[in-house]
Amino acid sequence: MKLSKSFWQTYKEVPADAVISSHQLMMRAGLIHKSAAGLYSYLPMGYKSIRKVEQIVREEMDKAGCHELLMTVVTPGELWQETGRWDKMGGEMLKFKDKADRDLCISPTNEEAVTDIFRKTVKSYKDLPVTLYQINTKFRDEIRPRFGLMRGREFTMKDAYSFHLDKECLDEVYDNLFKAYEAVFNRMNLEFSAVVADGGAMADGDAKTHEFQVIADSGEDEIIYCSETGYAANIETAKTIRDIDHKSPTGESEVIDTPNMATITDVCNFLKEKEHHSIKSLIYKAISGEEENYIFVALLGDDELNELKLEKFAQADHIVAATDEELEKLGFKKGFIGPMNLPENVKLVFDNAVNVEAAYVVGANIIDKHVGNFVPKRDADSFEVFDLRLAREGDKTEDGKGTVKVKRGIEVGHIFQLGDKYTKGMGVTVLDANGKAATPLMGCYGIGITRIVAAAIEQNHDENGIIWPASIAPYNFSFVAIAKSDEYKELAEDIYNEMKSEGFDVLFDDRKAGPGFKFKDADLLGLPLQLVLGERDHKNDGLLEIRIRKTGEKIKIKREEAADKIRELLKGL
Ligand code: ATP
Ligand code: MG
């Protein structure tokens with residue numbers, strides 16, 4: 001492509017709403033166009049990269065034996081009614097009516113639609129397992145669309161759905177697609193981590209789920225990982241253990257004066273206790289339909305609650321922290337709450353990290369007073385123990401063999417064992433080997449195609465612009481002709497044609513502009529290599545120059561060796 005004939009422009013200004021590098025660079029490098037919040041058009045230069053991502057994903061899915069189809073973007077409400085999700089999906093689903101007053105939505109995901117296709121097509125176990133996938137537009141009316149393509153409202157997703165007769169087969173396909181995902185992100189040369197993910201409050205404990213996270217400081221997700229043991233999990237679900245000392249009781253529990261000391265830090269400083277020898281008390285309300293119950297959460301003083309874990313414990317529709325008013329009604333004194341003499345509708349749960357036979361400082365449920373030497377097993381009302389704390393850096397892995405660290409990631413893929421949730425909900429059966437009707441199990445496998453482009457830039461850029469991984473760069477390399485006279489114009493044209501016939505997709509900067517301008521644009525766009533035709537090099541043995549965008553390295557090379565050298569360099573980029 002000759003830049004003089006392209007539909008492409010770069011921009012100096014950074015739009016005010018672009019706060020992370022990938023969003024800024026995608027706008028400045030003319031890859032996308034914003035039409036409204038969370039709605040972006042893909043401009044020719046950006047769309048080329050998106051299609052390369054699609055193609056890599058497509059090839060790996062096909063290699064794994066999946067079948068590509070294309071479902072409608074608009075799906076009928078009646079399918080969603082069957083599984084009850086029409087009402088449950090909430091505000092993210094964009095619903096509307098057609099002129100005959102029928103309910104429709106723009107697909108945020110396609111479990112119902114694919115299950116409907118399956119039930120009308122597959123009748124026998126002989127056709128199983130089968131995995132169907134599409135690369136298609138999704139719409140989710142995200143509460144906070146942001147970061148450009150990273151969290152758009154309209155975006156492109158690859159979504160795949162597998163069907164099986166038994167869990168063994170589901171596991172096999174799941175592992176196979178796990179490997180296909182690894183192949184996808186390896187081909188894109190991205191630094192990524194496959195992490196154990198959260199299966200949701202109602203998920204079957206046996207159901208596997210993993211996220212594929214591209215490592216980047218600006219990532220929305222926190223990953224707990226251990227390089228010694230290979231453990232990696234989203235912090236939402238990470239289970240780790242604390243490596244700390246516990247204090248033995250020195251006698252009966254006793255009330256202590258703690259005037260005006262309503263924080264753990266104040267109380268522990270005053271009593272010269274370590275914070276993990278105290279208990280942090282939190283009161284939550286668990287709501288299920290009309291039913292409301294309270295949960296008293298008792299954590300080590302310096303730990304934080306993981307609300308998703310509490311949701312699992314509560315088995316309720318949702319949970320919220322109790323308000324000051326509710327605390328008062330329950331008889332709790334804020335800052336001095338303790339796990340004793342609890343009202344009947346309050347259920348007490350200690351986090352796993354609390355040693356129920358050790359001694360702690362806890363609130364006394366009396367203003368300005370705490371209780372020392374409090375031993376949960378001896379002094380608390382009846383209680384349960386559950387894993388509730390947020391994992392953090394320095395914790396030990398559950399097997400005790402390693403120490404964990406935290407890094408940030410961008411979720412680019414999510415694979416999930418669904419079990420029979422949708423097939424059961426939609427009354428799907430196939431005949432098994434004995435001729436009996438059986439409900440198939442499902443798995444689903446998503447990849448955020450457009451998010452990958454943003455994530456790749458987020459991970460690979462510098463102060464001058466993007467540094468594309470070669471496999472998803474819009475073009476193979478920039479050809480920058482900085483020699484001006486007519487004699488060079490022809491030569492440049494000739495080299496451009498030669499490179500095209502060598503099979504390269506070349507971006508030829510043939511614009512009438514100075515070298516500084518051209519290099520600035522080439523750096524901003526960030527193709528992995530720049531091939532430069534300059535007068536001085538040419539006069540010196542007819543040399544060309546190859547610049548490696550990532551390292552800034554410059555290689556002088558003869559014209560007849562350039563194509564091979566470029567091929568070799570691109571392999572490693
Ligand atoms: P998130 O937690 O980021 O909202 P999700 O759990 O809702 O993601 P899935 O429903 O598993 O995402 O969708 C599959 C993939 O689609 C995600 O892994 C992500 O890469 C991509 N994706 C999800 N929401 C968006 C969005 N709003 N914009 C761009 N890509 C998205
Ligand atoms: Mg989401």
Side-chain angles (χ1 to χ4, degrees), residues 20 22-23 26 32 34 36-42 46 50 53-54 56-57 61 85 88-94 106-114 133-161 174 177-178 180-181 184-185 188 190 192-201 203 207-216 218-223 233-237 307-308 408-418 421-422 442-459:
I20 63 168
S22 57
H23 187 189
M26 290 187 87
I32 52 175
K34 180 175 175 178
L39 299 178
Y40 290 87
S41 297
Y42 312 145
I50 291 169
V53 171
E54 285 182 7
I56 290 175
V57 171
M61 293 303 286
R85 286 214 292 180
K88 275 203 192 130
M89 284 298 280
E92 268 192 25
M93 188 153 95
L94 183 59
I106 305 192
S107 303
T109 177
N110 283 71
E111 283 81 3
E112 282 81 355
V114 78
Y133 80 97
Q134 65 170 347
I135 296 176
N136 208 351
T137 299
K138 295 279 179 291
F139 187 92
R140 293 181 183 179
D141 207 350
E142 298 273 356
I143 299 170
R144 281 228 292 160
R146 55 186 181 150
F147 305 155
L149 295 195
M150 202 76 91
R151 185 170 293 287
R153 293 197 292 166
E154 183 174 310
F155 57 98
T156 309
M157 194 202 285
K158 186 282 298 175
D159 45 330
Y161 307 88
Y174 184 91
L177 285 171
F178 186 103
Y181 272 46
V184 162
F185 300 115
M188 295 175 189
L190 297 173
F192 71 97
S193 185
V195 308
V196 177
D198 177 54
K208 293 190 200 178
T209 171
H210 287 88
E211 287 165 358
F212 288 76
Q213 298 270 357
V214 165
I215 307 308
S218 67
E220 282 185 322
D221 289 9
E222 277 185 288
I223 300 166
N234 190 311
I235 197 165
E236 291 178 342
T237 194
E307 286 198 353
L308 284 175
R408 301 197 79 89
I410 300 164
E411 183 200 313
V412 288
H414 192 177
I415 59 177
F416 209 101
Q417 295 189 339
L418 296 169
K421 184 172 167 189
Y422 296 95
M442 284 175 73
C444 77
Y445 316 85
I447 286 188
I449 300 284
T450 38
R451 185 181 283 183
I452 285 178
V453 176
I457 295 173
E458 201 55 44
Q459 192 179 76

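In listed order, ligands and their atoms are each counted from 1.
- Looking only at atom types and distance, the side chain of Tyr181 has no donor-acceptor partner in the side chain of His210 under 3.5 Å away.
- In this structure, the protein non-hydrogen atom closest to atom 23 (C) of ligand 1 is Arg140 NH1, 3.7 Å.
- Taking 4.0 Å as the cut-off, Thr109 does not count as a neighbour of ligand 1 on heavy-atom distance.
- Close contacts between ligand 1 and Arg451 involve ligand atoms 3 (O), 19 (C), 20 (O), 22 (N), 23 (C), 24 (N), 25 (C), 26 (C), 29 (C), 30 (N), 31 (C) [criterion: under 4.0 Å to a heavy atom].
- A 4.5 Å side-chain heavy-atom check between Ile223 and Arg408 finds every atom pair outside the cut-off.
- Against a heavy-atom cut-off of under 4.0 Å, Val412 is close to the following atoms of ligand 1: 18 (O), 20 (O).
- Using modelled atom types and a 3.5 Å distance limit, the side chains of Gln213 and Asp221 yield a donor-acceptor pair.
- Distance from atom 3 (O) of ligand 1 to its nearest protein heavy atom, with residue and atom name: Arg151 NH2, 2.7 Å.
- Under the 4.0 Å criterion applied to side-chain N and carboxylate O atoms, Arg153 and Glu142 are not assigned as salt-bridge partners.
- Taking a 4.0 Å cut-off on heavy atoms, Lys138 fails to register as neighbouring ligand 1.
- Using modelled atom types, one finds a donor on one side chain and an acceptor on the other under 3.5 Å when comparing Ser218 with Glu458.
- Regarding atom 22 (N) of ligand 1, its nearest protein heavy-atom neighbour is Phe155 CE1, 3.6 Å.
- The shortest contact between atom 2 (O) of ligand 1 and any protein heavy atom is with Glu411 OE1, 3.6 Å.
- At least one side-chain heavy atom of Glu54 sits less than 4.5 Å from a side-chain heavy atom of Thr156.
- The contact set between ligand 1 and Gly413, taken as ligand atoms under 4.0 Å from a residue heavy atom, comprises 18 (O).
- In terms of protein heavy atoms, atom 28 (N) of ligand 1 is closest to Gly152 N, 3.1 Å.
- Taking the six-membered ring for Trp and the full ring otherwise, Phe212 and Phe178 have centroids separated by under 6.0 Å.
- In this structure, Glu111 pairs ionically with Arg85, as a charged nitrogen and a carboxylate oxygen lie closer than 4.0 Å.
- Here the heavy atom of the protein found nearest to atom 16 (O) of ligand 1 is Met157 CE, 3.6 Å.
- Interface atoms of ligand 1 facing Glu142, defined by a heavy-atom separation under 4.0 Å, are 24 (N), 26 (C), 27 (N).
- Looking at atom 15 (C) of ligand 1, its nearest protein heavy atom turns out to be Gly448 N, 3.9 Å.
- Under 4.0 angstrom from ligand 1, the non-hydrogen atoms of Leu149 all belong to its backbone.
- Heavy atoms from other residues, nucleotides or ligands lying under 6.0 Å from CD of Glu154 number 12 at most.
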